[in-house]
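Below: the structure, in structure tokens.
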Amino acid sequence: MTPFPWKEAMRFGLGVLRLPPEAFWRMSPRELAAAWGAVMGDRAGPLDRHGLETLMERFPDG
């Protein structure tokens with residue numbers, strides 16, 4: 001099992017959302033994930049081959 005990404009969660013909650021520490025520590029992981037989705041967009045999962053090829057076509061190297 002992957003440990004919870006506390007460092008990234010704190011950076012987002014305290015840095016991006018600018019929550020006071022008391023508010024951040026009262027949030028549940030689900031609440032933090034909902035805030036992430038509202039600000040950064042929901043993630044559907046890892047990038048598949050088609051998604052990678054689409055990105056490579058839109059943003060070609062060099």
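Numbers for residues simply follow the sequence, beginning at 1. What you see is a predicted model; the values in this text were computed from it and never measured. Every heavy atom of this structure was used, including side-chain atoms; hydrogens, water molecules and symmetry mates were not.
For the salt bridge (Lys or Arg N to Asp or Glu O under 4.0 Å) test, no residue two or more places apart in sequence or in another chain qualifies with E8. Listed by chain and number, the residues in a ring-ring contact (aromatic ring centres under 6.0 Å, His included) with F12 are W36 (sequence neighbours excluded). Scored by the ring-ring contact (aromatic ring centres under 6.0 Å, His included) test, F4 finds W6 as partners (sequence neighbours excluded).
Applying the side chain to side chain donor-acceptor pair (under 3.5 Å) test to pairs two or more places apart or on separate chains, those with a residue in residues 46-56 are R49-E53.
Chaining together hydrophobic side chains whose heavy atoms lie under 4.5 Å apart leaves M1 on its own.
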For residues 17-27, run the donor-acceptor check on the side chains, cut-off 3.5 Å, and write out each pair with its distance to 0.1 Å, sequence neighbours left out.
none

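Residues M10 and V39 share a single hydrophobic cluster, defined by chaining ILVMFWY side chains whose heavy atoms lie under 4.5 Å apart.
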